Peer 1: 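Just passing along the structure, written as structure tokens.
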2 protein chains.
Amino acid sequence: MIGRQNSNAAVMFHSVVAERMGLGLTEEKTVDLLQRLGPLTAGEIVQHTGLAPASVSGLIDRLVAKGFVTREKDPADRRRVIVRLDHHRLTGFAPVFDELMNGLDALYATYTEEELAVILDYLRRATAIQVAATGAISGKG
Amino acid sequence: MIGRQNSNAAVMFHSVVAERMGLGLTEEKTVDLLQRLGPLTAGEIVQHTGLAPASVSGLIDRLVAKGFVTREKDPADRRRVIVRLDHHRLTGFAPVFDELMNGLDALYATYTEEELAVILDYLRRATAIQVAATGAISGKG
DNA sequence: GTATTTAGTTCGTCCGAACGAAATATACGC
DNA sequence: GCGTATATTTCGTTCGGACGAACTAAATAC
């Protein structure tokens, strides 16, 4: 089944990218979180990852040590720690994604507007289903 | 970008499934390999995973202990070890996938034949691109 | 039939990454 | 201001999973 191969390809790609960046999967996932949601507090990372607070402290330590993020006190509530992505550090890895991006751009260019609409609709809905399924699995005891 | 979210959802789903089956990501990936390619020798698993032989020995140990595979001597070359999936063990986890499968079936049912053809074509080609990109990254120094 | 190569395992070890419990620092309620 | 609640870190520990080197067993070469 092609859906499965696609899913597998995604996992492999992520693993290889993470390795290339010198990150573990959890670390890469966190970087991705920060890219999508912007700066987060440690507590918010706890929410999003499901990790224990202690684990997130260590996780942030490692990302700081590797230069991917900075740790700042929240001026509004100085108990909080804001984790901010160092975008400059990331640009160095752009070439890693270029191959994929260029390939996908070329692929999209071969479809009509109507076809692209179908594909986007599919991707959106399939993603929602996958997210729901993930939640369902981890939920039930 | 939706492609990225989709990719991320796939990774999350895999992680959760692996956890649910009591497997690590490497172990789940190996089970998947065996499902797609049939029984493999230890050496072939080394090839496909890129792990060291010693690591694969341990990996097989763990999968055998967990009841997911059997280890047999190859009668044709008794140095070789054939790793075979225990399909019976896997059927117990079918419900884990049902949520996803049912959701996707329902999704597919909402498209016309023509639309499905576009979607399948896209998935096939996008997968190929992703695989190629993965190879390109891990390849170059 | 002995030497060499090949397949896999065992052993000792190491490291990343997770956790709970206790500590620290800050904010908030009254 | 004082006590309690909240955010994060530190500490000590544990565990899975990876590795290289040395070993065993079996096939192949000569």
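Just so we're on the same page: letters track the sequence lines, and every chain starts at 1. Note that this is a predicted model, so its numbers are computed, not measured.
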Peer 1: Return the nearest nucleotide to the side chain of A:S55; candidates are D:dA18, D:dG20, C:dA18.
Peer 2: C:dA18

Peer 1: Measure from the side-chain heavy atoms of B:D77 and tell me the nearest of D:dA26, C:dA21, C:dG8.
Peer 2: D:dA26

Peer 1: Taking atom C1' of C:dT9 as reference, at what distance in whole Å does atom CD1 of B:I60 sit?
Peer 2: 10 Å

Peer 1: If you look at every heavy atom in B:E27 and B:G22, which pair is closest and at what distance?
Peer 2: OE1-O, 4.2 Å

Peer 1: Answer yes or no: side-chain N or O of B:R79 and base N or O of C:dT6 forming a donor-acceptor pair under 3.5 Å.
Peer 2: yes

Peer 1: Taking the cut-offs as 6.0 angstrom to the six-membered ring centre and 45 degrees off its axis, would you call A:R125 and B:Y111 a cation-pi pair?
Peer 2: yes

Peer 1: Taking 4.0 angstrom as the limit, do B:R80 and B:D77 come out as a salt bridge?
Peer 2: yes

Peer 1: Which whole-number value in Å describes the distance from A:I82 CD1 to D:dT8 P?
Peer 2: 9 Å

Peer 1: Measure from the side chain of B:L51, starting at C-beta and using heavy atoms only, and say which of D:dT9, D:dG17, D:dA18 lies closest.
Peer 2: D:dA18

Peer 1: Expressed in angstrom and rounded to an integer, what is the separation of B:E72 atom CD from C:dA7 atom C1'?
Peer 2: 16 Å

Peer 1: For the side chain of A:D61, starting at C-beta, report the closest nucleotide among D:dT10, C:dT10, D:dT8.
Peer 2: D:dT10

Peer 1: Would you classify A:G58 as touching base, sugar-phosphate or nothing, given that sugar-phosphate means primed atoms plus P, OP1 and OP2, and contacts are heavy atoms under 4.0 Å?
Peer 2: nothing

Peer 1: Please report the distance, rounded to the nearest Å, between CD1 in A:I45 and C1' in D:dT8.
Peer 2: 12 Å

Peer 1: Can you identify which nucleotide, out of C:dT9, D:dT9, C:dT26, has its nearest atom closest to the B:R71 side chain?
Peer 2: C:dT9

Peer 1: If you find the nucleotide of DNA chain C closest to A:L23 and the one closest to A:R78, which residue's nucleotide is nearer the 5' end?
Peer 2: A:L23

Peer 1: Closest approach to the side chain of B:S57, judged atom by atom: which nucleotide of C:dC19, C:dG8, D:dC19 is it?
Peer 2: C:dG8

Peer 1: Output the rounded distance in Å from CG (A:L59) to P (C:dA18).
Peer 2: 7 Å

Peer 1: How far apart are the closest heavy atoms of B:S7 and B:Q130, and which atoms are they?
Peer 2: OG-NE2, 4.3 Å

Peer 1: Among D:dT9, C:dG8, D:dC19, which nucleotide sits nearest the side chain of A:A42?
Peer 2: D:dT9

Peer 1: Which pair of heavy atoms, one from A:T127 and one from B:A9, lies closest together, and at what distance?
Peer 2: CG2-CB, 4.0 Å

Peer 1: Can you check the A:R80 CZ to D:dT9 P distance for me, whole Å?
Peer 2: 13 Å

Peer 1: B:E44 or A:A76: which one's nearest nucleotide on DNA chain C is closer to the 5' end?
Peer 2: B:E44

Peer 1: Pick base, sugar-phosphate or nothing for A:A54, based on heavy-atom distances below 4.0 Å to the nucleic acid.
Peer 2: base

Peer 1: When you measure from the side-chain N and O atoms of B:R62 to the phosphate of D:dG16, is any distance below 4.0 Å, counting only OP1 and OP2?
Peer 2: no

Peer 1: Could you state the CD-P distance from B:E19 to C:dA18, rounded to the nearest angstrom?
Peer 2: 12 Å

Peer 1: Could you tell me whether A:E27 contacts a base, only the sugar-phosphate backbone, or nothing, with contacts defined as non-hydrogen atoms closer than 4.0 Å?
Peer 2: sugar-phosphate

Peer 1: For the pair made of CG in B:L25 and C1' in D:dC15, what is the distance, rounded to whole Å?
Peer 2: 16 Å

Peer 1: State plainly whether the residues A:R79 and A:D74 are in salt-bridge range, i.e. N to O under 4.0 Å.
Peer 2: no

